[in-house]
Structure formats: C-alpha cells, structure tokens
Amino acid sequence: MTNHAWSGPLPDLVEAEPADLLRQLKDFVPDASAAQVAAWEQELEVLKSSGAAVLRQEQSARNHGAVLEYMLPREAGRRPDVVVLQNGLVVVLEFKETGRLRRSDIDQTAAYARDLQGYHTACEHAEVVPVLVLCGDSAVSKVVDGVRVVRADEMATLLVVLARSSNGPIVPTTQFLQGEYAPLPTLVTAARLLFDNMPLPHIKRARSAGVADAVVRILDDAREVRTAGRRRLILVTGVPGAGKTLVGLQVAHSAALEAGFEFGGRRKRGAPATFLSGNGPLVQVLQNALKSTAFVQDMHRFIREHGLEHPDRIPTERVIVFDEAQRAWDRPKIEDFYSKKLPGVDTARFGSEPELLVRIADSMPEGAVVIALVGQGQEIHTGEEGGMTQWADAVRESPGEWSVLGPPELTHLFEDCAFEADPLLDLDVGLRYHAAADLHRWVELVLDDGNLDAAKVLAERLRHAAFPIYVTRDLDAAKNYVLSRFQFEPLRRYGLLASSKSEKHLAAFGLATGFQSTKRIRIGDWFNAPPEDARSCCQFNDVITEFQCQGLELDMAITCWASDLWWNGERWESAAARKNKLVRDAHQLRLNAYRVLLTRGREGIVIYVPTEPAPKMDAVVSALLAAGALEAR
C-alpha cells in the first residue's frame, strides 16, 4: 500500500494536469469531504504557480522533489500537505484556507517537522523546515516559534530563499518514501505489540536514552541470578516519561518468552514472569487494550493472595516486575486497609508491600528476581510516603540472602546490603514528550522551587521543541484548540484531567470530579474507545483525576486547575486537610497530584483555570504566565 498521494520531481508537479493530481488525491483519501477537495483545488493552484516561479528563479530547483499527502507510518490520519526535498532541506508545507493565524495550525506544522526530524531516517542529516501557508487575504508573513508563516503569494520567494541558503545533498524522493519512521509508541501500543509477540520499532530516541541498554542489563543479570538459584532486587529509577514502564514490559515479556510461556488465552502454569502494578487504572487500561489478564496483574491482589490470605501458595512467577515501586504501601496503610477487609488474618502477617513481596519471593525455592521501577515525586495516595527506605528495610530484614542491583544514587540506602551500582539503571531523559525532555524540570521549577523566571526560559525552549504550554480561563477555548489541533487524526487521544480534591470548586463549572462521578468511569474505555464513542476521553464527557491517569498518557491533556492549590505570590499553598493518621504531608501530596496532572501529555498541555474564586485563580494564572505559559485564545 502506498504511503502518499503523489511524488516526483518539482518540474513534473508544475507540468501535471490539475485534474489528474486532484484525482490521485481523491483516490488516496477516498472519504475526503467536499471542504477537503475544495482546499486541495486551492492548494494545487498555489503549488503550480509558485513551483513555476521557483523553477524560473532557481536552477537547482529542477532537481528538487515533492511529495503530496505523505502518510506518517503507524500514525493514521497524520499527513503533511506537501513535502519539498531541496538542497539539504526537507521543507514541510501545511496549507490553510484562512488568513487568520491560529496557534493550533502553528503547533500542527511544527509537530510534523519535529517528528520527521527526530524519527525519519531520511531526515537524519537534513534540516527539516516547517512552513505554514495561509491562503486568506488577511494573511501576514512572519516567523512564529520557529515556524515560517507565509502568504500564499509569497511562498515561491520563500522556497527560493531556502534553496539558496543551503548547499547540502538533496534527499532522493525514493529514499524519503522508503525511509524508516520510528516514533516512540504509547504505552498501550507498546504493550499490544509485545503481547502479540511483535518487535517494538527501533526507536532512535529510546536507544539514545539508554532504554535498550537497561533492558539488556536487567535480562543478563536476571538470567545469572535465576541460574544460580539466588534472590535479587533490581531497581530502575527515572524521571517522568523516561521509559521505566516500557523497560518493565519488555523485561517481563522477554523473560516469559525465554521460558517458553506464550501470552494469550488462559494463563499457563509455570508462567515465569509477570508485570505487577498497584496502579489500578493502568492495569485496567492495559487489560482492556490486550483483552487479557495474563500479561498485567494488579499488585494489591497479588500481595493479598500470596502474602496475606494464602501465604502457603507459592506463585508460579520467578521474575516479578513491580511498576511505580515508590508508591508501595507502608505497614500502617496495609494494617488499616486489610484489618477491615481480612478480619480473620493474623496481624503478624502484615507488613509494608515491599516487605510482603520480599517475603513471597523468599518462599520460592528456586530463587527469584524482583524488579522495582521507581518514579520520582509521584506519591499521591495515603500510605505511599514511605518511599524507597521500605525496600531497603525489606531486604535488610529478610531471612534470605538478597543482593541488590541499582543506580548509584541509591547506594546510601543499601549501605549494609550486597549492593551493586550501575548507572545504566537510571533513566534520566524523558521520552514521552518527544524532544521536550525539559518538561519534568519545568514542573519542578514551578511546583517545588517556585522559580517562575527559570521556568519561563524552559517553557520557551519547550515551545520551540513543539511542546506548547497554554493557559486559559475559557474551557470551550481549550477544547476548541485541541479539536482543531488534532482534526483528521483519529488515533489521537485527548481529554480532561483534574485534581481529586476539586469537586466543590469545579462542579460550578460543569465538571464532575467527585469520587462517585469518577468511580463510575470505565477507565479502559475512556482511554481506548474510538473518538466518536461517548465513553471516549475525546468526547470531553468525563473528567479523570490524578489517581486514574498516573502512569498513562494522552497526546494532549486539558488540566483543570482548582482552588485546592494556589499561588500566594511566593509559593504554592493548599487547604488544610482533614486529620488522617496515615498522611504525613498533605501539602506534598497536593503538589504531587498536580505534578502528575501536568506531565500526562505527549504533545503539550492546556491548563484551564476557572474565573472564580477570583483572587486565588487570578494568582494561579499570573504565576503560570510568569512561568512561560501562553494564553490560549
């Protein structure tokens, strides 16, 4: 199947009959609307007249190539209008009938160029130039955030200037069309590929960030430990979006395949590996996407089954991957929760989740490997504030002989244990946001440091990397921006997020964020259902909270900021929480909640701040603008 509507030398495009070109465009997109066809007719007129002018003015243009409606592989619906292959340049032309400059059009054009530059092998040694062509009468040529915005009647001049500005080799049209395009898949997509025993694409950014090296290191170590019948705790740390969960899924999948375990259908006895998560929504979304409970299991159920109710039942798994291990429940939380759920269980069996998991692994006669994936600053539930010291205590107090492999920065926690340090196990480059590896630092500067000036510098850098941050007081404006940004891209996912403490405030603005409202949401359908489905996140019918979105991602998140966290001019404040013996620092949990909400988008963030109560919400908007967010209009 072809991946474009038309391709060839620029002179052939200029000489071709418009009717023939239009027919090929219609054949490539058979469901094109009347409006799309009208836009193509206008686009072809501009291309032919501008192309002829370029050929008259620039001799080298006779060797330039052009591609119409190039379909980005594995991203159905994403098609730059025109790609021009010049002297060492790949020029992306996106046409709009309007003369009005819209942020969504700028961001769409920038994203095409960013992805081709970052993920397309044919563009690796070429410069990709984003150009937004406005065909309306009121258009004005300018440069906005690295995107060249040009009037249709000035496009030829720009193409000539670009051609003369570079003398690099022209990328052959066939090489461009046959080049490998390997973006980072979403977590759900990666899980589907692994579940179906299909190889993940060779992701350039993931390779450079050390994901593949970490997987190889862990698997080599796990094989050695299992062969010797020993017990090993392996720790993997990383910034938000660095690929920790992707590492865990690949390790669990590879370990299972090596032992001859086949995924799908009923779970076979002797399954050697499992992926556990205490994040219920993540488990639901992955199980919904895979239509199976074999690959991903709920951590709490695993602990309850083998650690509390039936400690004599030794699980079949020998390689256990625990996602978001920093959120493991401490002993007080276990006691509080299970003393009510399991009144007949001897309280002596209680312990923290790390302690219970180590205890379960101690019961395995052939040895075991526990792999803990550790995030930073995302503890949002009560009982999750014990942190990594719980893992050190669990290994230290175990009667078995445990060794630990982890990144150097955790050495101090395991000083009296057999600890081996390896920097490969610290993933410090964000992947979720494409080239925008600075997002986690921007969030830290805003929430933790309150350093808005430094955050503004990073926000500008993020924007030039095609990761915009917007703030608006108008929820409809936020929705319209996202819908316009991803129009004709059916695989995109976007939706509403809000704090779990926002019910009293956001209800007045038509947003249901209370426990009963969010409890009824079928989170698997919210993330996975087609955009036209009423249950889909893309319909904006339901809002989910930090508890439901942690560990998952959207292409674009609309984060609704509520009055549970506000700016006092110097730092963030939150309302005093009800007394709870399990909560150590309620304010830190609020900060962590917003940290999660602000780091869910792969393509950017739109922050909606209601107009009331005015003093608090005005201060929030002022702080976000000072931190570099742009007003979404």
Side-chain angles (χ1 to χ4, degrees), residues 186-192 194-195 215 218 233-238 240-256 263 267 271 273-307 315 317 319-330 333-334 337 352-354 356-358 360-361 369-384 386-388 390-391 427 432 522-524 526-528 544-553 592 596 599-600:
T186 66
L187 179 61
V188 172
T189 299
R192 285 184 177 127
L194 292 169
F195 186 79
V215 171
I218 293 168
L233 171 63
I234 301 177
L235 303 167
V236 181
T237 60
K244 299 181 297 296
T245 303
L246 183 61
V247 167
L249 287 171
Q250 291 186 79
V251 168
H253 173 264
S254 298
F263 292 118
R267 189 169 182 79
T274 190
F275 183 93
L276 301 179
S277 177
N279 183 342
L282 172 65
V283 172
Q284 292 175 45
V285 169
L286 290 176
Q287 289 182 346
N288 175 275
L290 303 176
K291 309 303 179 188
S292 172
T293 60
F295 195 21
V296 180
Q297 297 186 65
D298 184 87
M299 173 65 175
H300 303 310
R301 290 188 179 182
F302 187 87
I303 289 286
R304 175 174 173 165
E305 168 74 12
H306 298 288
E317 294 84 0
V319 176
I320 299 172
V321 180
F322 183 9
D323 194 29
E324 297 184 25
Q326 79 284 357
R327 296 179 55 195
W329 286 0
D330 56 22
K333 175 67 174 181
I334 291 287
F337 187 82
S352 68
E353 281 190 330
L356 290 170
L357 192 57
V358 167
I360 292 169
V369 178
V370 175
I371 302 164
L373 310 178
V374 183
Q376 298 176 358
Q378 296 191 34
E379 299 83 6
I380 56 177
H381 284 274
T382 59
E384 293 180 353
M388 292 306 298
Q390 296 184 105
W391 290 93
L427 305 176
R432 185 182 296 137
R522 296 173 61 179
I523 199 66
W526 193 89
F527 273 98
N528 295 324
I544 66 171
T545 70
E546 69 271 20
F547 298 131
Q548 295 161 300
C549 70
Q550 187 174 43
L552 292 157
E553 57 194 8
N592 289 349
V596 170
T599 54
R600 295 307 95 192

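Being a predicted model, the structure only gives us computed values, none of them experimental.
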Colleague: Please report the interatomic distance CZ(Arg301) to CG(Leu276), rounded to the nearest 0.5 Å.
Modeller: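 With rounding to 0.5 Å, CZ (Arg301) is 12.5 Å from CG (Leu276).
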
Colleague: Which heavy-atom pair separates Ile544 from Cys549 by the least distance, and what is that distance?
Modeller: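 Distance-wise, the nearest heavy atoms are CD1-CB, 3.6 Å.
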
Colleague: Where is the tightest heavy-atom contact between Thr245 and Leu373, given as atom of each residue plus distance?
Modeller: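 Minimum heavy-atom separation between Thr245 and Leu373: CA-CD1, 4.1 Å.
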
Colleague: So, do Ser277 and Asp298 sit near enough that their side-chain heavy atoms are less than 4.5 Å apart?
Modeller: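 No, side chains not in contact.
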
Colleague: Please report the interatomic distance CD(Glu353) to CD1(Ile303), rounded to the nearest 0.5 Å.
Modeller: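 Reported to 0.5 Å precision, the distance equals 5.5 Å.
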
Colleague: Between Asp330 and Lys333, is the side-chain contact (heavy atoms from CB on, under 4.5 Å) condition met? List the steps.
Modeller: CA-CA 5 Å; Asp330 56 22; Lys333 175 67 174 181; 3.2 Å; yes

Colleague: Checking Thr274 against Val321 for the side-chain contact (heavy atoms from CB on, under 4.5 Å) test, could you report, in this order, the C-alpha distance in whole Å, the side-chain angles of both residues, the deciding distance, and whether it holds?
Modeller: CA-CA 6 Å; Thr274 190; Val321 180; over 6 Å; no

Colleague: Check step by step if side-chain contact (heavy atoms from CB on, under 4.5 Å) holds for Leu286 and Phe527.
Modeller: CA-CA 10 Å; Leu286 290 176; Phe527 273 98; over 6 Å; no

Colleague: So, Ser254 side chain and Val251 main chain: donor-acceptor pair closer than 3.5 Å or not?
Modeller: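 Such a contact is absent between Ser254 side chain and Val251 backbone.
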
Colleague: In Å and rounded to the nearest 0.5 Å, what is the NZ to CG distance from Lys244 to Leu249?
Modeller: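 If I round to the nearest 0.5 Å, the distance is 12.5 Å.
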
Colleague: Less than 4.5 Å apart, side chain to side chain, heavy atoms only: is that true for Glu317 and Gln297?
Modeller: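 Yes, close enough: below the 4.5 Å cut-off.
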
Colleague: Evaluate the side-chain proximity of Val370 to Leu357: yes if any heavy-atom separation is below 4.5 Å, no if none is.
Modeller: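 Touching, per the 4.5 Å side-chain cut-off.
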
Colleague: Are Val369 and Ile320 packed together at the side-chain level, in the sense that at least one heavy-atom pair is separated by less than 4.5 angstrom?
Modeller: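 Not touching, per the 4.5 Å side-chain cut-off.
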
Colleague: Could you check whether any side-chain heavy atom of Leu233 comes within less than 4.5 Å of a side-chain heavy atom of Val358, counting everything from C-beta outward?
Modeller: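 No, side chains not in contact.
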
Colleague: Please enumerate all residues that pass ring pair (Phe, Tyr, Trp, His ring centres under 6.0 Å) together with Phe322, with sequence neighbours excluded.
Modeller: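 Result, ring pair (Phe, Tyr, Trp, His ring centres under 6.0 Å) vs Phe322: Trp391.
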
Colleague: Does the pair Asn528 and Val285 meet the rule for a side-chain contact (heavy atoms from CB on, under 4.5 Å), with working shown?
Modeller: CA-CA 7 Å; Asn528 295 324; Val285 169; 3.9 Å; yes

Colleague: Verify, without hydrogens or angle tests, whether Gln548 (side chain) and Thr545 (backbone) share a donor-acceptor contact under 3.5 angstrom.
Modeller: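 Yes, the answer is positive, given that a donor and an acceptor are paired below the 3.5 Å cut-off.
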
Colleague: Do the side chains of Trp329 and His300 get nearer than 4.5 Å, heavy atoms only?
Modeller: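 Yes, their side chains come closer than 4.5 Å.
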
Colleague: What residues, two or more places apart in sequence or in another chain, satisfy side chain to side chain contact (heavy atoms under 4.5 Å, CB included) together with Ser352?
Modeller: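 Partners of Ser352 under the side chain to side chain contact (heavy atoms under 4.5 Å, CB included) test: Pro354, Glu355, Gln390.
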
Colleague: Determine yes or no for a side-chain-to-main-chain donor-acceptor pair under 3.5 angstrom, with Gln287 supplying the side chain and Val296 the backbone.
Modeller: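 Judged by distance alone, yes, a pair lies under 3.5 Å.
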
Colleague: Using the side-chain contact (heavy atoms from CB on, under 4.5 Å) definition, which of the options Val374, Leu282, Ile371 pairs with Asp323?
Modeller: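 Of all the options given, the one that passes is Leu282.
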
Colleague: Within a strict 4.5 Å, meaning less than it, do heavy atoms of the Leu552 and Arg600 side chains meet?
Modeller: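 Answer no - side chains too far apart.
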
